[in-house]
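Side-chain atoms are counted along with the backbone in the values below, which use heavy atoms only and exclude waters and symmetry mates. Chain naming here is simple, since letters A, B, ... match the order of the sequence lines and numbering starts at 1 in each.
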Amino acid sequence: MIDVKLLQKNFDETAAALMRKKVSADTIAELKSANETLKSAKQSFETLQAKQNELSKLFGQYKKEGKSTDELKIEVDTNKITLNDLLEAQRAAEEALDAIIMRVPNIPDTDVPDGEDEESNVELRKVLTPPTFAFTPKEHWELAEKNGWIDFERGVKLAKSRFSVVGGMGARLERALINFMLDFNRERGFEEFSVPMLVNRRALEGTGQLPKFEDDLFKVEEEELFLIPTAEVPLTNLFQDEIINASDLPIKMTGYTSCFRKEAGSGGRDVRGMIRQHQFHKVELVAITTQDQSDKVFDEMVACASDLLSALGLPHRLVTLCTGDLGFGAARTVDLEVWLPGQNTYREISSVSNTRDFQARRARIRYKDEGKNILAHTLNGSSLAVGRTMIAIMENFQQEDGSIVIPAVLQKYL
RNA sequence: GGACAGCUGGCCGAGUGGUCGAAGGCGCACGCCUGGAACGCGUGUAUAGGGCAACCUAUCUAGGGUUCGAAUCCCUAGCUGUCCGCCA
């Protein structure tokens, strides 16, 4: 959630920043007026409430002194009617503001490049050189089926399309990757957590998936619980409503979970193979930091994910997302794209974002510094999407006969 | 899933209709005391919003109700505990 006060105090600048993220001028104007309405509604209510409180005290005093309370009661009763109206007006104003602000995205950092879509993303650097092949490299689904690693048909039988089954060496590789990643992250100072994969509405509002993106989530109806789309949700919300000692920051966490996404709106894209599944595995990095620390920790997280890819021998590149490609809650994002020889292109395998205080304001994650409570900064990044890492390993390390050479660092995990 | 009990500030705990944002204790901070510390003594110590400020409003799990007035009474939900049932 953005800081409404910022909009109020510094309208032109804040509005311009929001418009970079395609928030319409109308929405911004509505936001401002909703906030002003709420403010004045609150003031009228509180003034009258103060008076009512005072009269109530008098009432008690009169009773004690044996004075008549008849006149007082009339006044108090009339006030109460107005008070109820004012309260209702205040509530309506609160709801109106909420309805708008919960759907307004974060303000991008000033140095984030402008742009409509991924075309305007800026490549930071390439790491490792894509391999050359003496034959035509195959795509991962062909390799996966050939090696008996992935069974796409049976996944559909068990659930529906975009589900798959991983078996044999594929399953062992998956498990090895998860363990390798968790160990790697722990060595970089990220403590491991194992968290719920179903969470409530409040948690998803805290990290920004709700209320705007409910259609993307799988929901357990009777329980009012949702399957997590990323471990970012439970890990970040671990500190929901908490006030952390500044000296305990930064808190750096990692965790492995399955992730569940409806992939609504991506119909037709990546239908083949396991690039885009309803259920996938991911090892996540999350950090809670002071406001001064977040830039440094952001770089650490990007480095962690990139070094992980390098350790696996996977060529990749780092890309700064432009404003148009930035997610809802992110102030800045660096994507890591891995080289896929079969597709002859780089594909996203990790995304590291600094949300600054956007999630912290929603989830009320604060720290105490010199007696003051300050909104924390929260960051998240994948390290890495396991399925896509498997795809990258298959495609990059494939041999002419379709067999796959497993990276040396994984040997001890197999 | 059933029955019963509970949920008060960082923590423990008092408080059954007004003067209660809440006694007392612990913890913490500062000061005194000390060679230094412990002990002791004193002072302070929730959050959010509004106002330059005095101050005002809200918050005793949450939501609703009764009342002029609710931490306190009633209802609902959530959570915790205990027993029973079920179960990896």
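Toward the 5′ end of RNA chain B lies the nearest nucleotide of Thr47(A), the other residue of the pair Thr47(A) and Lys80(A) mapping further downstream. Nucleotides of RNA chain B nearest to Leu55(A) and Lys64(A) differ in position, and the one nearer the 5' end is that of Lys64(A).
Judged by distance alone, the side chain of Glu395(A) and the main-chain N or O of Ala392(A) form no donor-acceptor pair under 3.5 Å.
Across all strands shown, Arg91(A) has heavy atoms under 4.0 Å from sugar-phosphate atoms exclusively, and none from any base.
Put simply, the residue from Gln277(A), Glu153(A), His278(A), Gln279(A) that forms a side chain to side chain donor-acceptor pair (under 3.5 Å) with Ser164(A) is Gln277(A).
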Quick tally for nucleotides 44-52 of chain B: nucleotides whose base has a protein heavy atom under 4.0 Å get B, sugar-phosphate-only ones S, the rest -, giving ---SSBSS-

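Electrostatic pairing of Asp109(A) and Arg332(A) counts as a salt bridge here, judged by a charged N lying under 4.0 Å from a carboxylate O. Classification of Lys73(A) and Asp70(A) as a salt-bridged pair fails, no side-chain N sitting under 4.0 Å from a carboxylate O.
For G69(B), neither phosphate oxygen OP1 nor OP2 lies less than 4.0 angstrom from any side-chain nitrogen or oxygen of Asn53(A). Note on Lys73(A): a side-chain N or O is less than 4.0 Å away from OP1 or OP2 of C68(B).
Between Phe218(A) and Phe226(A), a ring centre-to-centre spacing not shorter than 6.0 Å is recorded.
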Pairs of donor and acceptor atoms involving the side chains of residues 47-55 of chain A, under 3.5 Å and at least two apart or interchain, shall be tabulated with distances.
{"from": "Thr47(A)", "atom 1": "OG1", "to": "Gln43(A)", "atom 2": "O", "distance (Å)": "2.7"}
{"from": "Gln52(A)", "atom 1": "OE1", "to": "Asn79(A)", "atom 2": "ND2", "distance (Å)": "3.3"}
{"from": "Gln52(A)", "atom 1": "NE2", "to": "Val76(A)", "atom 2": "O", "distance (Å)": "3.0"}

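The C1' atoms of C41(B) and U34(B) are separated by 14 Å, rounded to the nearest whole Å. Straight-line distance between the C1' atoms of G21(B) and G15(B): roughly 13 Å, to the nearest whole Å.
Judged by Watson-Crick or G-U wobble contacts below 3.5 Å, the nucleotide G31(B) has C41(B) as its partner. Across all strands shown, nothing is found opposite U67(B) as a Watson-Crick or G-U wobble partner with both distances under 3.5 Å. Across the strands present, C52(B) finds no partner; the criterion is a Watson-Crick or G-U wobble pair with both atom distances under 3.5 angstrom. Base pairing of A62(B) is made with U76(B), judged by Watson-Crick or G-U wobble geometry with both donor-acceptor distances under 3.5 Å.
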